[in-house]
Amino acid sequence: MSRAHALPTPPEAGESVRPLTISERARAAAVPADHRPATDYLSGLNAEQRQAVETTEGPVLVLAGAGTGKTRVLTTRIAHLIATGLAWPSGILAVTFTNKAAREMKERVAHLVGPAGEGMPWLGTFHAIGTKILRRHAELVGLRSDFTILGVDDQLRLLKQVITAENIDEKRWPARQLASFIDGWKNRGLTPKDVPPGEAAAFANGRGTGLYQAYQDRLKTLNAVDFGDLLLECLRLWRENPDVLEQYQQRFRYMLVDEYQDTNVAQYLWLRLLAQARKNVCCVGDDDQSIYGWRGAEVDNILRFDHDFPGAVVIRLERNYRSTAHILSAASGLIAKNKDRLGKTLRTDDEPGERVSVTGAWDSEEEARQIGEEIEALHSRKENLSEVAVLVRISAQMREIEDRFVTLGLPYRVIGGPRFYERAEIRDALAYLRATAQPADDLAFERIVNTPKRGLGDAAVALLHAHARRARVPLMQAARYLVESDEMKPAPRRSLRSLMAQFDRWRTAMEKTPHHELAQTILEESGYTDMWAKEKSADAQGRLENLKELVRSMEEFPDLPAFLEHISLVMDANEDGDQERVSLMTLHAAKGLEFETVFLPGWEEGLFPSQRALDENGRAGLEEERRLAHVGLTRAKRRAHIYFASNRRIHGLWNATIPSRFIDELPEENVEVREAPAAYSGRTASRFEGMTPFASSYQTPGWQRAQARAAEAARDPDNDWRGGGGFSENGSGFAGPFQAGRRGPGGRGRPSPQLIEGEVLAKSTGSPSPYEIGARVLHLKFGPGTVAAIDGNKLTVDFDKAGRKMVLDSFVDANG
DNA sequence: CATTCGAAATTTTTT
DNA sequence: ATTTCGAATG
């Protein structure tokens, strides 16, 4: 390809970038025709996409619905800016949220533009770019350029120290809680001075702000920052040094932001400062896929874009290239129930395809069985298992499904979970390296001083701290002193001496040993690998392998500091991508992915939408849950299967559940209500025929019939409720998704749920139930009980043994 | 100081 | 049910 020929030469790395002069631009345009940058990269785009690529000047908001080619627009836009000579790669700022997204974008740009695009030094996550900027100007914000970036666990340990140092009872005011307060403040761009007094009062009787300040002071002393600081300190840097800000405003001629709906206030301020000068900012996002409100994302940022950037061009990408018409309409119909949205209408030219199926199961175990069977059927039809995903609302749902996959022998992989670099063994190993390379890294030293156990417990650490504070020296230096003095008892003293000797040896070895070999040596000599080798728990083996992988990955870096920098921001477990596997993940983890077939279990009130989201955030919470449902559905290219169970075990006890309101909200014409598979459906449930539909939107109460069948199936003698014996014996009220609202005044814990503008827990029909208050009924799982209240076809029953639960009337029998 | 037993908590997750 | 955390115990 000759695309790269006419590109301007990228400036040397580190060279400060100035805008192209007019003559340079003219020169670029005057290149002979056959050497002119190829524009064929534009040819595959539709009109809107093309507009989004070619509207290079001024603020642009691209509202890109699911599957509308968002990433393609972003990468093509970058290619376009480079190919037309409007900017050098180093003059473009492109921010993403995850390292994965950044990596993908880099690859795709390189593919479009060729070697010339490889530069892209400013393509990365907010945090990675923030780090890069801060390292250059560290001294202006009171840091040294080799500052450490704290992970969550380091942060917690530090907070614990701060709380204790302030003489606050750490048990009453846990570090975790303070961490989430501080996180929230940092997300909103608030320094200790900016925190509204009312909010600080919520922690430790109003001492929240002081603790926040003390924590920040400690960080400075340690020459460390946490993730939030990577953005906040940039803000401070720019505000206090307008010349520095201007330097970056000049440098970044064009700015692009991916997943704009996920930006928090701090990120928004960060962007706005940069964009103020040139205003060539292009934000791509989808308000309907905003699912991170709970961690500080502000949908408002996207809803108010044209207000914040006057004259903004808003481009809607509404043509979906991913899903069939039925799936798309189902998802659109659902999301249309949200009020706070900019509004898009997704359309497709794809065939209608299969309807979205909705299947009721008796309980979550049967739900897992049905999913397993369906996947086996797909597999025997030669469908690729890598194109199949099961998306759950909460991780706790995974276990049952995994269990089923294991017994069926279905290969699967779990996506998400703790990141590689968050794992304890990796953090420990890194702490050893940090403590070796940076003797003043107190946090690292403290982390491993007694890991593996070497008799240096709380008492010894307290002594170290006391001396370190008294002499104002790092812990390591305090240790050297204590080894020589007799303030420490002989046993720990001997242990500490040998540890210090080891560190000395490693530090000497650092001069001449390749860093990955040194790491290997440290892990062995310290007894760390032995510690895991001796542990006989199931995951010990995996941890050892992670450590090996860590050492192996170090080889790719020139030296230890380079590696430490990399690891503090990035580090992914390597994928064993050889075998075809079903993917299992949370809905959150699924954003941005797509699969031929998607299974969506657990669509039940309380679980999805999550009761907690409703209780804590009211209508906004409900809408975020609905967006989550929308994200789930739009992951599917050809087949989407929704499931709900009528009974689910929550925290160990069984709970009756009712179908999610989201099921009712799906347009009827795009949904196929499934019967339970033959093996589990028993006789025809004639007595349920003609019964009032649960949801008024259904002409035929099809899913209810399916449910009834499932109930019949479960009625076989082997499944007798008395045999199961799984329900709560305490009768202390029901412990499920519905408990919060129905608890008596004596109930502890959660606040009452908010009723959301007439949207009750689930729609009810208002049609009379065949039962009356006071009637005795028999439930398969909960046994006998008395009807306490009736709401349409939903009964509130006081079960003799299982306490009060809400059940569908079709699940109980009259028990005269 | 380490181990062990019992009570309490238990969404979603990136950097 | 399971895991995690803290206090009592050896």
Side-chain angles (χ1 to χ4, degrees), chain A residues 95-102 124-131 149-152 154-155 160 170-171 174-176 180 183 186-187 225-232 259 262-264 266-267 290-297 364 391-400 403 415-419 421-422 450 452-462 489 491-492 495 537 567-572 585-592 602 606-617 621 624-625 627-629 631-632 648-655 726 728 735 737 748-750:
Chain A
V95 272
T96 62
F97 275 83
T98 64
N99 292 299
K100 186 163 161 249
T125 62
F126 277 100
H127 300 268
I129 291 170
T131 308
I149 301 165
L150 263 47
V152 276
D154 288 326
Q155 196 184 350
K160 211 169 271 180
E170 205 258 315
K171 273 159 246 156
R176 250 195 141 37
S180 81
D183 234 40
K186 290 191 172 179
N187 283 155
V225 296
D226 63 19
F227 283 118
D229 287 338
L230 292 174
L231 295 166
L232 272 193
E259 306 278 18
D262 288 339
T263 48
N264 59 36
Q267 288 157 340
S290 163
I291 54 176
Y292 286 110
W294 49 272
R295 70 173 195 215
S364 43
L391 311 182
V392 295
R393 175 66 243 273
I394 59 170
S395 308
Q397 287 173 262
M398 288 186 186
R399 181 182 300 264
E400 269 177 317
D403 284 352
I415 314 270
R419 294 279 160 287
Y421 63 88
E422 293 279 351
N450 200 30
K453 303 260 185 293
R454 25 173 99 84
L456 298 168
D458 291 348
V461 173
K489 290 197 186 117
S495 180
S537 70
I567 198 118
S568 62
L569 283 169
V570 205
M571 187 80 196
D572 308 282
M585 68 191 95
T586 63
L587 286 160
H588 285 89
K591 194 170 73 156
L607 177 62
F608 190 35
S610 141
Q611 189 60 52
R612 191 153 158 185
L614 265 43
D615 290 350
E616 288 172 8
N617 294 305
E624 182 153 315
E625 295 286 297
R627 290 193 291 269
L628 203 48
V631 166
R648 187 172 294 275
R649 210 165 18 193
I650 295 165
H651 309 325
L653 0 133
W654 284 100
N655 279 91
S728 154
R748 295 170 290 119
R750 297 195 239 154

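Below, chain A is the first sequence line, B the second, and so on; all start at residue 1.
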Nucleotide [N], atom [atom2] - distance to [atom1] of [X] in whole Å:
X	N	atom1	atom2	answer
A:R393	B:dT11	CZ	P	10 Å
A:N264	B:dT13	CG	P	18 Å
A:H127	B:dT13	NE2	C1'	12 Å
A:D403	C:dT2	CG	P	9 Å
A:H651	B:dT11	NE2	P	7 Å
A:E624	B:dT11	CD	P	16 Å
A:Q397	B:dT10	CD	C1'	14 Å
A:E259	B:dT13	CD	P	15 Å

Could I get the full list of ring pair (Phe, Tyr, Trp, His ring centres under 6.0 Å) partners for A:F97, not counting sequence neighbours? A:F126
Does A:E259 reach the main-chain N or O of A:T96 with its side chain, forming a donor-acceptor pair under 3.5 Å? no
Using modelled atom types and a 3.5 Å cut-off, is there a donor and acceptor pairing between side-chain atoms of A:R454 and backbone atoms of A:S495? no
To check you understand the geometry: which heavy-atom pair defines the closest contact between [X] and [Y], and what is its length?
X	Y	answer
A:T125	A:A128	OG1-N, 2.9 Å
A:K591	A:I291	CD-CD1, 4.0 Å
A:M585	A:A590	SD-CA, 3.6 Å
A:A102	A:G124	CB-CA, 4.0 Å
A:M398	A:T586	CE-N, 3.6 Å
A:Q267	A:D262	OE1-O, 3.9 Å

Can you tell me if A:W294 is stacked onto the base of B:dT11, using a 5.5 Å centroid cut-off and an angle below 30°? no
Taking B:dT12 as the reference, what is the distance to C:dC5 when you measure between their P atoms (whole Å, please)? 15 Å
Among [options], the one nearest [X] by side-chain distance:
X	options	result
A:T125	B:dT11, B:dT15, B:dT13	B:dT15
A:S610	B:dT13, B:dT15, B:dT11	B:dT11
A:R399	B:dT13, C:dT2, B:dT11	C:dT2

Under 4.0 Å between a side-chain N or O of A:T586 and OP1 or OP2 of B:dT11? no
With A:S364, which of A:R399, A:R649, A:E400 fulfils side chain to side chain donor-acceptor pair (under 3.5 Å)? A:E400
Going 5' to 3' along nucleotides 5-10 of chain C, which nucleotides have protein heavy atoms under 4.0 Å from the base (write B), which only from the sugar-phosphate (write S), and which from neither (write -)? --S---
For A:L628 and A:G228, find the nucleotide of DNA chain B closest to each by heavy atoms; which residue's nucleotide sits nearer the 5' end? A:L628
What nitrogen or oxygen pairs link the protein and nucleotides 1-7 of chain B at under 3.5 Å?
from: B:dC1; atom 1: OP1; to: A:G457; atom 2: N; distance (Å): 3.0
from: B:dC1; atom 1: OP1; to: A:A460; atom 2: N; distance (Å): 3.4
from: B:dC1; atom 1: OP2; to: A:A459; atom 2: N; distance (Å): 3.3
from: B:dA2; atom 1: OP1; to: A:G455; atom 2: N; distance (Å): 3.4

